[in-house]
Amino acid sequence: MPANLDFHPHRMTTPFTNLCRLIPRHLQFGYTSPQEAANLLQEVEKSHPQGTYVIFDDVTPSDLEPIGRALRQTVRNSRFTYEEASEALIIRLMPGLAREMASRSLSSVILSHVWTLPGHGPWPVTPVGSARYEVPGQRSKEADEGFIPSTRQFGEFPSVVIEVGMSESLSALRLDAAWWLVHSNGATRMVIILRVKKGPCSWRIEQWEMVTSRFTRRTASSPASTNCIEIDEDGTVTPANGQLVIPYLTMFDQPHVAGADIVITSQELSTMARNVFERS
């Protein structure tokens with residue numbers, strides 16, 4: 001049955017509540033058991049082959065692991081975003097080889113640049129995949145890909161996160177980006193979102209960071225897109241010389257004498273995208 005999710009407009013707006021408003025009523029459910037949730041999601045996945053977002057209410061923190069175990073038996077790929085105060089769990093279903101290949105390809109290219117930085121040792125950053133990150137007692141979230149510099153301990157938030165989705169999820173992906181930037185207390189400094197389309201194939205890449213507006217008197221920063229790149233089915237990159245640049249001190253916590261920005265050129269982006277288009 002649909003969940004009775006009481007998100008009132010006059011309450012504080014957060015990335016989570018905004019994402020809840022994007023989820024249609026027929027994809028809102030009341031939680032009963034891990035197996036029932038897995039069965040429901042299996043049916044949703046059949047009717048939404050490009051992936052979608054689903055929400056369950058009445059979910060306690062202790063329910064998350066049992067739900068995760070049940071989903072691993074029935075659903076191909078999913079990510080959790082949990083809000084403890086609301087006892088609400090958003091599950092992003094992410095079927096499809098094209099999405100998975102895009103996610104892993106972008107992560108691999110970024111790592112290849114990091115690992116060639118001189119004087120940084122063999123593991124200057126660690127890829128963390130879909131590990132779950134928590135704001136204790138408040139909320140938690142899983143990314144598609146993430147990177148932790150060697151100055152951080154296991155469990156600390158990644159400095160850079162990648163979120164990947166299919167055709168109709170751009171607005172939701174932007175709210176995923178906002179979640180990391182707002183709730184990591186500055187630890188996550190950049191989120192790269194990648195929207196994948198098929199028929200015809202295309203990619204849209206956006207970089208999101210905390211930005212201080214020049215047009216208001218407020219000094220507080222808010223999440224904003226700082227770069228956008230489109231790649232069409234032929235591998236044509238728009239803008240023509242579009243680059244994906246991750247500043248050194250966005251990925252890393254401390255300066256280094258041999259530190260340099262991570263720059264993925266338009267040619268690299270084109271080659272990577274065409275490889276995925278041809279194979280998925």
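- Not one N or O on the side chain of Ser270 forms a donor-acceptor pair closer than 3.5 Å with the backbone of Ser266.
- Take Tyr53 and apply the side-chain hydrogen bond (donor to acceptor under 3.5 Å, both in side chains) test, not counting sequence neighbours, and it matches Arg92, Asp176.
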Carefully, step by step, assess Asp144 and Arg99 under the rule side chain to side chain contact (heavy atoms under 4.5 Å, CB included). CA-CA 10 Å; Asp144 287 324; Arg99 193 217 65 81; 3.5 Å; yes
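- Atom CD of residue Glu87 and atom CG of residue Asp63 lie 8.5 Å apart, to the nearest 0.5 angstrom.
- Between atom CD1 of residue Ile264 and atom CE of residue Met272 there is a gap of 6.0 Å, rounded to the nearest 0.5 Å.
- Every side-chain hydrogen bond (donor to acceptor under 3.5 Å, both in side chains) that Thr226 has, sequence neighbours left out, goes to Glu209.
- Applying the 4.5 Å side-chain rule to ILVMFWY residues, one finds Val245 in the same cluster as Val263.
- Using a 4.5 Å cut-off on side-chain heavy atoms (C-beta onward), Lys141 and Phe16 make no contact.
- Atom-to-atom distance recorded for Leu64:CG and Glu134:CD is 8.0 Å, nearest 0.5 angstrom.
- Nearest heavy-atom pair, Pro239 versus Cys228, reported as atom, atom and distance to 0.1 Å: CD-O, 3.7 Å.
- Taking all atoms of both residues into account, the shortest heavy-atom contact from Arg274 to Asp234 is CD-O, 3.3 Å.
- Separating the CD1 atom in Ile262 from the CG atom in Leu117 is a distance of 6.0 Å, to the nearest 0.5 Å.
- Taking Ser130 as the reference, Arg79 meet the side-chain contact (heavy atoms from CB on, under 4.5 Å) condition, with sequence neighbours excluded.
- Expressed to the nearest 0.5 Å, how far CD1 of Ile91 lies from CD of Glu45 amounts to 11.5 Å.
- Here the closest non-hydrogen pair linking Cys20 and Ile90 is SG-CD1, 3.9 Å.
- The shortest distance between side-chain heavy atoms of Met190 and Gln207 falls below 4.5 Å.
- The stretch residues 82-130 participates, sequence neighbours left out, in these ring pair (Phe, Tyr, Trp, His ring centres under 6.0 Å) pairs: Trp115-Trp123, His120-Tyr248, His120-Phe252, His120-His256.
- Put simply, the side chain of Ile246 does not reach to within 4.5 Å of the side chain of Asp261, judged on heavy atoms.
- Scanning all heavy atoms of the two residues, the minimum distance from Leu89 to Ile67 falls at CD2-CD1, 3.9 Å.
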Test Val191 against Trp179 for side chain to side chain contact (heavy atoms under 4.5 Å, CB included), laying out the working first. CA-CA 10 Å; Val191 181; Trp179 191 101; over 6 Å; no
Given the rule in the side chain to side chain contact (heavy atoms under 4.5 Å, CB included) test, do Leu40 and Phe56 qualify, once you have shown the distances and angles that lead to the verdict? CA-CA 11 Å; Leu40 282 169; Phe56 289 90; 4.0 Å; yes
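- At a cut-off of 3.5 Å, with distance as the only test, a side-chain donor of Thr17 or Thr14 sits close to an acceptor on the other residue.
- Judged by distance alone, the side chain of Glu100 and the main-chain N or O of Leu97 form no donor-acceptor pair under 3.5 Å.
- Take Trp180 and apply the side-chain hydrogen bond (donor to acceptor under 3.5 Å, both in side chains) test, not counting sequence neighbours, and it matches Glu163.
- Put simply, the side chain of Arg139 reaches to within 4.5 Å of the side chain of His183, judged on heavy atoms.
- No continuous path of ILVMFWY side-chain contacts below 4.5 Å connects Val182 to Val211, so the two sit in separate hydrophobic clusters.
- To the nearest 0.5 angstrom, Met101 atom CE is 10.5 Å from Ser108 atom OG.
- In this structure, the side chain of Asn18 does not engage the main chain of Pro15 through any donor-acceptor pair within 3.5 Å.
- Under the ring-ring contact (aromatic ring centres under 6.0 Å, His included) criterion, Trp208 pairs with no residue at all, not counting sequence neighbours.
- Judged as a side-chain contact (heavy atoms from CB on, under 4.5 Å), and not counting sequence neighbours, the contacts of Ala38 are Gln35, Ala70, Leu71, Thr74.
- Every residue meeting the side-chain contact (heavy atoms from CB on, under 4.5 Å) condition with Glu230, not counting sequence neighbours, appears here in chain and number order: Arg204, Thr238.
- The heavy-atom pair separating Val164 from Val196 by the smallest distance is CG1-CG2, 3.9 Å.
- With a 4.5 Å cut-off on side-chain heavy atoms, Ile55 and Phe29 do not count as touching.
- In this structure, the side chains of Ile192 and Ile110 come closer than 4.5 Å at one or more pairs of heavy atoms.
- Residues Met210 and Pro223 are in side-chain contact: their nearest non-hydrogen atoms beyond the backbone lie under 4.5 Å apart.
- Listed for the Ser107 side chain is no donor-acceptor partner under 3.5 Å among the backbone atoms of Arg104.
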Hey, can you pull the donor-acceptor pairs under 3.5 Å for the side chains in residues 152-162, sequence neighbours left out?
{"from": "Arg152", "atom 1": "NE", "to": "Asp253", "atom 2": "OD1", "distance (Å)": "3.4"}
{"from": "Arg152", "atom 1": "NE", "to": "Asp253", "atom 2": "OD2", "distance (Å)": "2.9"}
{"from": "Arg152", "atom 1": "NH1", "to": "Phe157", "atom 2": "O", "distance (Å)": "2.6"}
{"from": "Arg152", "atom 1": "NH1", "to": "Ala187", "atom 2": "O", "distance (Å)": "3.1"}
{"from": "Arg152", "atom 1": "NH2", "to": "Ala187", "atom 2": "O", "distance (Å)": "3.1"}
{"from": "Arg152", "atom 1": "NH2", "to": "Asp253", "atom 2": "OD1", "distance (Å)": "2.8"}
{"from": "Glu156", "atom 1": "OE2", "to": "Gln153", "atom 2": "N", "distance (Å)": "2.5"}
{"from": "Ser159", "atom 1": "OG", "to": "Phe147", "atom 2": "O", "distance (Å)": "3.3"}
{"from": "Ser159", "atom 1": "OG", "to": "Met251", "atom 2": "O", "distance (Å)": "2.7"}

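- For Glu142, the salt bridge (charged side-chain N to carboxylate O under 4.0 Å, His left out) criterion is met by Arg132, not counting sequence neighbours.
- Met94 and Ile193 are not part of a single hydrophobic cluster, where members link through side-chain heavy atoms under 4.5 Å apart.
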Test side chain to side chain contact (heavy atoms under 4.5 Å, CB included) on Val59 and Asp57; report intermediate values, then the result. CA-CA 5 Å; Val59 178; Asp57 69 347; over 6 Å; no
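- Pairing each heavy atom of Ser202 with each of Asp232, the nearest pair is CB-CA, 4.3 Å.
- At a threshold of 4.5 Å between non-hydrogen side-chain atoms, the residues Ile23 and Gln28 count as touching.
- For Thr271 and Gln267, the side-chain atoms include at least one donor-acceptor pair closer than 3.5 Å.
- Not a single side-chain hydrogen bond (donor to acceptor under 3.5 Å, both in side chains) links Ser225 to another residue, sequence neighbours left out.
- Looking only at atom types and distance, the side chain of Glu206 has no donor-acceptor partner in the side chain of Asn227 under 3.5 Å away.
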